[in-house]
Amino acid sequence: EDQVTQSPEALRLQEGESSSLNCSYTVSGLRGLFWYRQDPGKGPEFLFTLYSAGEEKEKERLKATLTKKESFLHITAPKPEDSATYLCAVQAGNTDKLIFGTGTRLQVFP
Amino acid sequence: NAGVTQTPKFRVLKTGQSMTLLCAQDMNHEYMYWYRQDPGMGLRLIHYSVGEGTTAKGEVPDGYNVSRLKKQNFLLGLESAAPSQTSVYFCASSYDPRLYEQYFGPGTRLTVT
């Protein structure tokens, strides 16, 4: 069964304290792995798509990486405005659907 | 360019009442999706559509119906609401999910008492 697990469930960081969020997956034939950001009371906002092991993508303080079993979202020197829930989703090769993890709630304190 | 819009934003229903949630997108996307989001459960797919006039079941379709009469609109119906359908509902659309990401609407918070 296709599955996505995110850890930790919640993460509290001091401003400037770098860390990583984990997304481990089991899927038959990965077509793509997606990272989204979700602010309270809003819909998910697309961040990155990764397609193959070894691929990396960056956007401001965020960097996403992919291996054959997991993806990491690295946050370098976070700011309070990075506080949000980060969602990971995978798409299996034979479907048009995404399978979402339950997310990591990140809080960054000044 | 409004992207994906949802109406209403909030709704309170009594058990047994019916309602329709409307999703509209102005990006000419073929694929549209309805999800529900519950604490600790993540986003779960209810129904989806791969083009005008088509619909398909997702992970949790029971108690819901959908229609895609126009390419830009995707309607989610609850015929007889139950407290278990209290949730936040998100609509999403995509040009081609095999190549492109999904764009999400702002959500509808539904409470069934």
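Every chain is numbered from 1 and lettered A, B, ... according to where its sequence line falls, protein lines coming before strand lines. Excluded from the calculations below are hydrogen atoms, water molecules and symmetry mates; all remaining heavy atoms, backbone and side chain alike, are included.
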Query raised in the report: Contact part of A:I99 toward chain B, heavy-atom cut-off under 4.5 Å: side chain, backbone, both or neither?
Result: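 For A:I99, no heavy atom lies under 4.5 Å from chain B.
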Query raised in the report: Is it the side chain or the backbone of A:E45 that comes within 4.5 Å of chain B heavy atoms, both, or neither?
Result: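 Neither part; nothing is under 4.5 Å.
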Within one Ile-Leu-Val-Met-Phe-Trp-Tyr cluster: [X] and [Y], side-chain cutoff 4.5 Å:
X: B:V112; Y: B:W34; value: yes
X: B:L76; Y: B:L110; value: yes
X: A:L11; Y: A:F72; value: no
X: A:V90; Y: A:L98; value: no

Checking heavy atoms, do the side chain of [X], its backbone, both or neither come under 4.5 Å from chain A?
X: B:Q37; result: side chain
X: B:L45; result: side chain
X: B:V4; result: neither

**Report entry** Inter-residue atom distance B:Y35.OH - A:K97.NZ, 0.5 Å rounding
**Finding:**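 The distance works out to 10.0 Å.
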**Report entry** Spacing of B:F104 atom CZ and A:Y36 atom OH [to the nearest 0.5 Å]
**Finding:**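 Answer for the CZ-OH pair, B:F104 versus A:Y36, is 5.0 Å.
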**Report entry** Heavy-atom closest contact (B:G42 atom, A:T102 atom, distance)
**Finding:**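 The pair with the smallest heavy-atom distance is N-CG2, 3.8 Å.
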Query raised in the report: Do you know the tightest heavy-atom contact between A:F46 and B:E101?
Result: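 Reported closest heavy-atom pair: CD1-CB, 3.3 Å.
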[X] atom [atom1]: more than 12 heavy-atom contacts under 6.0 Å:
X: A:R31; atom1: CZ; answer: yes
X: A:E9; atom1: CD; answer: no
X: B:E79; atom1: CD; answer: no

Query raised in the report: Counting heavy-atom pairs under 4.5 Å to chain B, which of A:G41, A:G32, A:G43, A:G101 comes out on top?
Result: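 It is A:G43.
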